[in-house]
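Shown next, in structure tokens, is the structure this report addresses.
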Amino acid sequence: MVTKKKARAKQTPKRLDVMKATKNKAETANAAAFEIPEQAGKFLRDTSIPQGFANPQPIVLAELQKRVTEMNLRPTVSLEQFLASANRIKPVDLPIEELSDDVKESIPALKPEIRRFHGVKIPLYWFPFPWLSSVCSDRFGYMSSAATRAATKLPFNVATQALLGQLGNMMGDAGRDPNPASHNPADAGVSSLPAGFTYFAQFVDHDITFDVSSTLDADIDANTVNNMRSPALDLDSLYGRGPGLDPFLYVFPTSGPATAIKLHRGTNTPVGPGGPSNNGNPSGMLQQTNWDVPRMQGTNTAVTGDPRNDENLIIVQFHHAMLRFHNAVVDLLLAAAFAGDIFAEAKRIVTHHYQWAVVHDFLERICGVATVNNAIASVSAPIGSSFRMPVEFAVAAYRFGHSMIRDTYWVNFNFPNATLGQVFEFNRIPRLPVFSNWVVDFNAFFDTGVPVPVHNKARKIDSLMASGLESLPGFSGMMAILATRNLRRALALGLPSGQGMANSFGIAPMTAAQLIFGLPPAEVAVLNASGGLLLNKTPLWYYVLREAAVLAGGNQLGAVGGRIVAETFVRILKRDASSYLNVAGGFTPILPSSTPGNFTVADLVAFVGVTQP
């Protein structure tokens, strides 16, 4: 008799290889089968808003008016617009009343006055979907090949660091901006892009990347650097880990549907009128009371999913607008008598409209429509596929927004010429919670159609930085100079040169004459120093800025920068099972907008009510 042990010993190497391969295939299949839990998978499959859906039994205006009055809702748009959106919402197949008893009884137990979290059963789809639907992807990495980087990256040494320091220091030198106070795109240095996109870009960045561990002083492999945000446009910077794990972010209903969970908003320090005007002059402003994010009593620390969204006045006010966004969609679902999980559906509607605006408003402006369409058509990223946030994007191409920052902004009628320093200063102690007279008028930052005396325009995308970025608040030395910090970080992470990235894409690199076109002699001298080191191996971030300025007029990215940015976002969305690109049957925006079937950032701020006092 042959024992099992001896039988295994007699198996040929080929047979063992086949068995191992079969086992690996089975394990892969099992992993794929169980990658998305059934509860979450069903939620994704049973989308409540299929493309083109219209309620066959629509709500009539009188009924909507009655519901709005009875529930004391405050629509942020006309009732007619509200009605049109409500009638696009499909009734769910599984009403909340038909959920299991343990789930139904658990949801009310999360309320602050009860606070019973042990043993509660929380719907999985309340949590960030990357936890449920993808392999671990919590690191940075590279888009370029190791060979491209080895052949084209700058040498990491003291001489190169010094050269990059010289280049970075002069990029923000005072006096180089020809029209620092202008908002006219016909003037040199002024973009046609509304200045709000500078801070929308920052908000989006805080949704997908957070590097707290890499160093500028040593050569480092990006694959060893942790990304402390989920690499998905899932708004975890807004929703945190959901009401089940971060209940302090949420307001639980005291009556009505238990799942009509909203996000907390903060109050203002009352010091006079501010924000938008209702008559086009200062007398139309009101003293705002709840136009801030929530803050901890005593320290005024912002209670947000990402602390960086309290970095400056404009971004914290935009985060406040996003809090309103979720709450306004909850109200819409209540008015539509939505019988399903209102929180989950509101989060889905908010996230899909946000993602749509990222792609079809923001990216199409920044990268160009053709570049975005090419990325959607060409990028292959199966749902749940592995992904590392490329540093060519995070440390170079996506930092184009730094060059769009202005030295002054028209914030509201009270502050028609707010300096960059004030934009940082007026969400700092002792001026917190945000003073009511500093509330931002977003009509001056996006194309909302509401007239304002000044419509802030971003600076052009070029190698010139606002002088205020030469002395960042709270830092000293190199860390206070944003351009130098960016260049040094890319050096430490071993990014390929701009020319190397262009060649890897099959794009003709910029010539030396193009790279130095229009630059002052001192900057050209730095590029030519050390045998033209920076001219031949141009730092990728600097190359992307010069490409935008020289080849794309400064209003959008060039071929290399645009491709890096567009392909990264498309890959992020395609691999995310919950993204709008993966909605069964396709996705079309349903919320009120200036163009039906579209949804822009301007539509977002109008819908949430921050464009009117």
Is any side-chain heavy atom of Arg176 less than 4.5 Å from a side-chain heavy atom of Ser467? no
Flag, side chain of Thr148 to backbone of Ser144, donor-acceptor distance under 3.5 Å: no
Which residue, Tyr409, Phe318, Phe362, forms the ring-ring contact (aromatic ring centres under 6.0 Å, His included) with Tyr199? Tyr409
Rounded to the nearest 0.5 Å, what's the gap from NE2 on His206 to CZ on Arg229? Could you check? 10.0 Å
Any ion pair linking Arg308 and Asp306 (charged N to carboxylate O, less than 4.0 Å)? yes
Which word best sums up how the rings of Phe203 and Tyr354 line up, parallel for under 30°, tilted for 30 to 60°, or perpendicular for over 60°? perpendicular
Hits for side-chain contact (heavy atoms from CB on, under 4.5 Å) against Gln556, two or more places apart or cross-chain, chain-then-number order -> Ala552
Gap between atom OG of Ser230 and atom CG of Asp576 - 0.5 Å precision: 8.5 Å
Is it true that Phe393 and Phe569 have ring centroids separated by less than 6.0 Å? yes
Evaluate the criterion ring-ring contact (aromatic ring centres under 6.0 Å, His included) for residue pair His319 and Phe325; output intermediate values, then yes/no. CA-CA 10 Å; His319 189 101; Phe325 190 15; over 10 Å; no
Does Phe505 have Arg563 sitting over its ring (NZ/CZ under 6.0 Å from centre, angle to axis within 45°)? yes
Those residues at least two apart in sequence (or on a different chain) that pass side-chain contact (heavy atoms from CB on, under 4.5 Å) with Leu581 are Leu573, Lys574, Ser579
Between the side chains of Arg295 and Asp310, is the shortest nitrogen-to-carboxylate-oxygen separation below 4.0 Å, so that they form an ion pair? yes
Backbone of Pro180 reached by a side-chain donor or acceptor of Arg406 within 3.5 Å: yes
Donor-acceptor check, side chain of Asn456 to backbone of Ala444, threshold 3.5 angstrom: yes or no? yes
OG1/Thr209 to OH/Tyr398 distance, rounded to the nearest 0.5 angstrom? 8.5 Å
For Asn528, what residues pass the side-chain hydrogen bond (donor to acceptor under 3.5 Å, both in side chains) criterion, not counting sequence neighbours? none
